Amino acid sequence: QKEVEQNSGPLSVPEGAIASLNCTYSDRGSQSFFWYRQYSGKSPELIMFIYSNGDKEDGRFTAQLNKASQYVSLLIRDSQPSDSATYLCAVNSVRTGTASKLTFGTGTRLQVTL
Amino acid sequence: DGGITQSPKYLFRKEGQNVTLSCEQNLNHDAMYWYRQDPGQGLRLIYYSQIVNDFQKGDIAEGYSVSREKKESFPLTVTSAQKNPTAFYLCASGGPNEKLFFGSGTQLSVL
């Protein structure tokens, strides 16, 4: 059973601070890693993806991957109240033809306080 | 507008009734997916399809059925055999780069 683990939170950070969200996965053969943001009652929105060890930056977001430790993280710099949402980590270890069978974590709820 | 359209937004099912959730995409994606989300839980894969007239069971396919007669459409039927259908249902499509894009979801409740 492939597993993706996240702390459910809530993770509370003050406005302007760095939010650090973490995710571990069990399948060492995993190749692709994704972070989705989900506002309450809405659908997930892809915000970052990473395939190689190291850091990947996109605006205020940085994804970090360490395959040896089976660990992926998302950093949000200069956190804003609009960043308050649930962040889902997803891992793809099985690619079947054109399909990607992602395994999702349960998500970490982030609260950015004024 | 390119995207994925799910309907209806809210759906109520009576005991013993089958209901069908609609999903249409105009992103020209080959692969389409149905996920179920329960409160406080992650997304669980129900069914997926890589190509027209082909679909595969996901992790929780029991009590559900799908069809893929057109590339753009991937409807999900929640049958009476699904004893706990109340959940948020999400349809997604994906291209060759592994990124999945989601529709706005359907909240299904039992009367």
Side-chain angles (χ1 to χ4, degrees), chain A residues 1-10 21 23-27 29-52 56 58 63 65 72 85-109, chain B residues 3-7 9-10 21 23 25 27-52 54-61 66 68 71 74 87-107 109:
Chain A
Q1 180 77 13
K2 302 180 181 64
E3 294 183 348
V4 176
E5 301 285 343
Q6 295 181 256
N7 188 318
S8 61
L21 302 126
C23 173
T24 59
Y25 58 95
S26 63
D27 186 355
S30 299
Q31 297 292 323
S32 311
F33 307 86
F34 305 86
W35 283 99
Y36 285 83
R37 178 176 63 200
Q38 186 175 26
Y39 293 111
S40 181
K42 303 296 184 182
S43 61
E45 173 193 8
L46 180 65
I47 55 171
M48 286 292 288
F49 57 93
I50 187 167
Y51 303 131
S52 305
K56 179 182 178 184
D58 183 1
L65 176 61
V72 58
T86 296
Y87 290 80
L88 303 172
C89 173
V91 174
N92 186 11
S93 53
V94 177
R95 183 155 180 83
T96 308
T98 61
S100 301
K101 293 181 64 178
L102 299 188
T103 301
F104 284 82
T106 55
T108 298
R109 188 157 65 92
Chain B
I4 304 169
T5 302
Q6 286 189 244
S7 62
K9 188 173 176 66
Y10 300 99
L21 285 61
C23 179
Q25 58 103 355
L27 300 169
N28 199 34
H29 287 162
D30 287 317
M32 295 187 74
Y33 310 80
W34 275 104
Y35 285 89
R36 168 180 172 145
Q37 187 175 34
D38 294 278
Q41 296 194 33
L43 278 64
R44 292 184 289 167
L45 183 63
I46 304 172
Y47 268 98
Y48 66 99
S49 168
Q50 300 182 69
I51 198 168
V52 173
D54 176 76
F55 47 83
Q56 307 295 328
K57 292 181 180 180
D59 300 318
I60 55 166
V66 294
R68 186 90 185 272
K71 186 175 184 177
F74 192 40
F88 189 45
Y89 289 85
L90 288 157
C91 177
S93 71
N97 58 11
E98 301 182 88
K99 300 172 191 173
L100 264 58
F101 297 93
F102 288 87
S104 56
T106 293
Q107 177 63 49
S109 303

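A note on names: the letters A, B, ... follow the listed sequences, proteins ahead of strands, and every chain is numbered from 1. Note that the structure is a prediction, hence the values are computed from the model and not measured.
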J.: Look up atom CD in B/Gln50 and atom OG in A/Ser100, then write down how far apart they are to the nearest 0.5 Å.
T.: 9.0 Å
J.: How far apart are the closest heavy atoms of A/Ser43 and B/Ser104, and which atoms are they?
T.: OG-CA, 3.9 Å
J.: Quick one: which of A/Ser32, A/Gly107, A/Pro44 has the most heavy-atom pairs under 4.5 Å with chain B, could you say?
T.: A/Pro44
J.: Which atoms of B/Phe102 come close to chain A, meaning under 4.5 Å heavy atom to heavy atom: side chain ones, backbone ones, both, or neither?
T.: both
J.: Rounded to the nearest 0.5 Å, what separates atom OH in A/Tyr36 from atom CG in B/Leu100?
T.: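 Reported to 0.5 Å precision, the distance equals 4.5 Å.
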J.: Between A/Gln6 and chain B, with a heavy-atom cut-off of 4.5 Å, which part of the residue counts as in contact: side chain, backbone, both or neither?
T.: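 Contact with chain B is absent: no heavy atom of A/Gln6 under 4.5 Å.
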J.: What residues, two or more places apart in sequence or in another chain, satisfy ring pair (Phe, Tyr, Trp, His ring centres under 6.0 Å) together with A/Phe49?
T.: A/Tyr51
J.: Drop me the distance from B/Leu45's CG to A/Thr103's OG1, to the nearest 0.5 angstrom.
T.: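 The CG atom of B/Leu45 sits 8.5 Å away from the OG1 atom of A/Thr103.
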J.: Is it the case that the side chains of A/Gln31 and B/Glu98 hold a donor-acceptor pair, with the cut-off being a distance below 3.5 Å and no angle test?
T.: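 There is no such pair between these side chains.
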J.: Say you draw a straight line from NZ of A/Lys101 to CD of B/Gln56; how long is it, rounded to the nearest 0.5 Å?
T.: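 Reported to 0.5 Å precision, the distance equals 8.5 Å.
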J.: When rounded to the nearest 0.5 angstrom, what distance separates CG in A/Leu102 from NZ in B/Lys99?
T.: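 With rounding to 0.5 Å, CG (A/Leu102) is 12.5 Å from NZ (B/Lys99).
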J.: Please state whether the side chain, the backbone, both or neither of B/Gln37 comes within less than 4.5 Å of a heavy atom of chain A.
T.: side chain
J.: List for me each residue that meets side chain to side chain donor-acceptor pair (under 3.5 Å) alongside B/Asp38, sequence neighbours excluded, and say none if there are none.
T.: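 For B/Asp38 the side chain to side chain donor-acceptor pair (under 3.5 Å) partners, ignoring immediate neighbours, are B/Arg36, B/Arg44.
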J.: To the closest 0.5 Å, what do you measure between NZ (A/Lys42) and CG (B/Leu90)?
T.: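 Reported to 0.5 Å precision, the distance equals 12.5 Å.
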